[in-house]
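As structure tokens, the structure follows; a few thoughts come after it.
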Amino acid sequence: MKAAVMDAFGSPLEVREVPDPVPAEDGVVIEVRANGICRSDWHGWMGHDPSIKLPHVPGHEFAGVVVEKGGLVRNWQVGDRVTVPFCGGCGVCAQCLAGNHHICDNEYQPGFTGWGAFAEYVAMPYADVNLVRLPDELDFVEAASLGCRFMTAFRGVVDQGRVTGGDCVAIHGCGGVGLSAIMIATALGATVIAVDIDDDRLQLARDFGAGMTVNARTSPDVVREIREKTGGGVLISIDALGSKVTSRNSIRCLRKRGRHVQIGLTLADEADVPIPMNAVIAKELEIVGSHGMPAHRYADLLRMITSGVLRPGRLVGKTVALEDAGAELEAMGRFSQTGVTVIDRF
């Protein structure tokens, strides 16, 4: 098969022929019809993820068709249209038995712990636990846009943030995760304040439902501006980017008994985030992480999509060929993309 291979961290990907994947006894091989290019892929390409072993094929936001399955697979057939969470659960560890497949003790992450979907085909183990059937109404590009960004935002907003109608929510960072979170929170009836340093992204945030915006590049004090706009702070604040600045601002802009949800990855130089613990104690704030979403939670998300309440396809900024994946990945470091970029030509 053809795949975009990473031979060294931070070096250009090379599109070349590699052996076709073989399904595990409990797994499947999926023909990739679309795959998102994500900042998590960029972190892996930069060498920030110790689970990656070279040579490596990135890609974890994919949708496609089952073309081969192992002998132990019971719930899936060749020809099924599917997607998967980026964190696959084994189905038998303590976390999986509790329903927390996305933080499995034996997790499998395509594009990280194993070869991913910057390729014509990708193997996925634990198929009966992790595959998600795609509704006929959802095309492959839109399904790939769910990827890790939209589904992660869904869990962060709905399950971890517990956002409901009438809540006031601040979302820091208007990339793929942030815009997804804005769309979801707005659909739930929340009032959203979007924060970013780019006016074009802030305009997208308004297009997706944000009622107020703050440009962190020009604002003299982001936290003070949010407090002034909301009369004292927000109930829920989400760091959708992952940096020391956005994480601290997210916590500090909360009102009493507010909730901070950390979705954006804090890696490399941003790994050690100083938390304003005095404020956490004095205001009885809640701090929670959000990492992916298990396959069994997709049902609610897909119902909101097929009913027209959520339209993740609006996030897709452009589609590219596999040969363009390396350049798009490199550009992630400059935050130059707007919306979600999806590979749809292999």
Side-chain angles (χ1 to χ4, degrees), residues 38 40 60-61 83-91 93-105 107 109 129-133 135 143 145-173 175-194 208-209 234-242 246-247 250-251 254 257-266 280 284-307 309-312 315:
C38 176
S40 298
H60 60 288
E61 296 188 328
T83 188
V84 301
F86 72 88
C87 285
C90 68
C93 72
Q95 291 297 336
C96 285
L97 293 176
N100 302 318
H101 302 84
H102 59 300
I103 52 172
C104 170
D105 293 334
E107 69 178 6
Q109 293 187 324
V129 178
N130 297 295
L131 266 59
V132 176
R133 194 177 308 278
S145 76
L146 299 180
C148 83
R149 285 166 281 198
F150 205 89
M151 54 86 101
T152 296
F154 187 85
R155 176 170 170 77
V157 171
V158 176
D159 295 343
Q160 301 295 79
R162 308 192 299 280
V163 173
T164 60
D167 288 343
C168 192
V169 181
I171 296 175
H172 303 257
V177 172
L179 292 174
S180 300
I182 290 166
M183 188 185 297
I184 295 162
T186 300
L188 295 172
T191 298
V192 174
I193 300 177
F208 289 160
V234 296
L235 176 63
I236 301 108
S237 187
I238 296 172
D239 178 9
L241 175 65
T246 53
S247 184
S250 179
I251 295 170
L254 291 169
R257 298 189 62 81
R259 291 187 293 281
H260 162 73
V261 183
Q262 186 67 45
I263 298 178
L265 297 174
T266 55
V280 173
E284 290 197 341
L285 303 180
E286 184 178 350
I287 299 178
V288 295
S290 194
H291 181 70
M293 187 171 79
H296 64 78
R297 284 292 287 127
Y298 272 72
D300 287 347
L301 169 59
L302 292 174
R303 274 193 293 270
M304 293 182 73
I305 293 171
T306 55
S307 68
V309 175
L310 294 175
R311 295 168 55 197
L315 292 168

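Note: hydrogens, waters and symmetry copies are ignored here, and every other heavy atom, side chains too, is used.
The closest side-chain heavy-atom distance from I193 to I171 is not below 4.5 Å. Between H291 and C87, some side-chain heavy-atom pair lies under the 4.5 Å cut-off. Between V84 and V132 there is no side-chain heavy-atom pair separated by less than 4.5 Å. Residues L235 and V169 are not in side-chain contact: their nearest non-hydrogen atoms beyond the backbone lie 4.5 Å or more apart. Residues I184 and V158 meet the side-chain proximity criterion, which asks for heavy atoms closer than 4.5 Å. No side-chain heavy atom of H101 sits less than 4.5 Å from a side-chain heavy atom of Q95. Contact of the H102 side chain with the P85 side chain is not registered, since no non-hydrogen atoms from C-beta on lie closer than 4.5 Å. When side chains are defined from C-beta on, V280 counts as touching I251, because their heavy atoms get closer than 4.5 Å.
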- Message: Assess the residue pair T83 and Y298 against the criterion (side chain to side chain contact (heavy atoms under 4.5 Å, CB included)); give the C-alpha distance rounded to whole Å, side-chain angles, the decisive distance to 0.1 Å, and a yes or no.
- Response: CA-CA 10 Å; T83 188; Y298 272 72; 4.3 Å; yes

- Verify side chain to side chain contact (heavy atoms under 4.5 Å, CB included) between E61 and R149, making sure each step is shown before the conclusion. CA-CA 8 Å; E61 296 188 328; R149 285 166 281 198; 2.5 Å; yes

- Start with the C-alpha distance between L302 and L146, add both sets of side-chain angles, then the distance that settles side chain to side chain contact (heavy atoms under 4.5 Å, CB included), and finish with yes or no. CA-CA 10 Å; L302 292 174; L146 299 180; 4.1 Å; yes

- Message: side chain to side chain contact (heavy atoms under 4.5 Å, CB included), that's the test. Do S40 and L265 meet it? Break it down for me.
- Response: CA-CA 8 Å; S40 298; L265 297 174; 3.7 Å; yes

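A153 and A181 get closest at one heavy-atom pair: CB-N, 3.7 Å. Taking all atoms of both residues into account, the shortest heavy-atom contact from G161 to I236 is O-CG1, 3.6 Å. Closest non-hydrogen pair, S250 versus H172, comes out as CA-NE2, 3.4 Å. Closest approach of F208 to L315, counting heavy atoms only: CE1-CD2, 3.3 Å. Nearest heavy atoms, Q262 versus G242: NE2-CA, 3.9 Å. Contact detail for A194 and I182: the closest heavy-atom pair is CB-CD1, 3.8 Å.
For the atom pair OG (S290) and CD1 (I103), the distance works out to 10.5 Å, reported to the nearest 0.5 Å. The distance from the CG atom of L310 to the CZ atom of F150 is 4.5 Å, given to the nearest 0.5 Å. Distance check: C90 SG to L97 CG gives 7.5 Å after rounding to the nearest 0.5 Å.
Using a distance-only test at 3.5 Å, with no hydrogens or angles considered, no donor-acceptor pair links the side chain of T186 to the main chain of M183. Formation of a donor-acceptor pair under 3.5 Å by the N130 side chain with backbone atoms of G89 is found in this model. Formation of a donor-acceptor pair under 3.5 Å by the D239 side chain with backbone atoms of L241 is found in this model.
By the 4.0 Å N-to-carboxylate-O rule, D300 lies close enough to R297 to be salt-bridged with it.
The side chain to side chain contact (heavy atoms under 4.5 Å, CB included) test applied to T152 returns F86, C148, I263, not counting sequence neighbours.
Evaluated for a side-chain hydrogen bond (donor to acceptor under 3.5 Å, both in side chains) with E286, the options R162, Q160, H260, R257 yield exactly one hit, R162.
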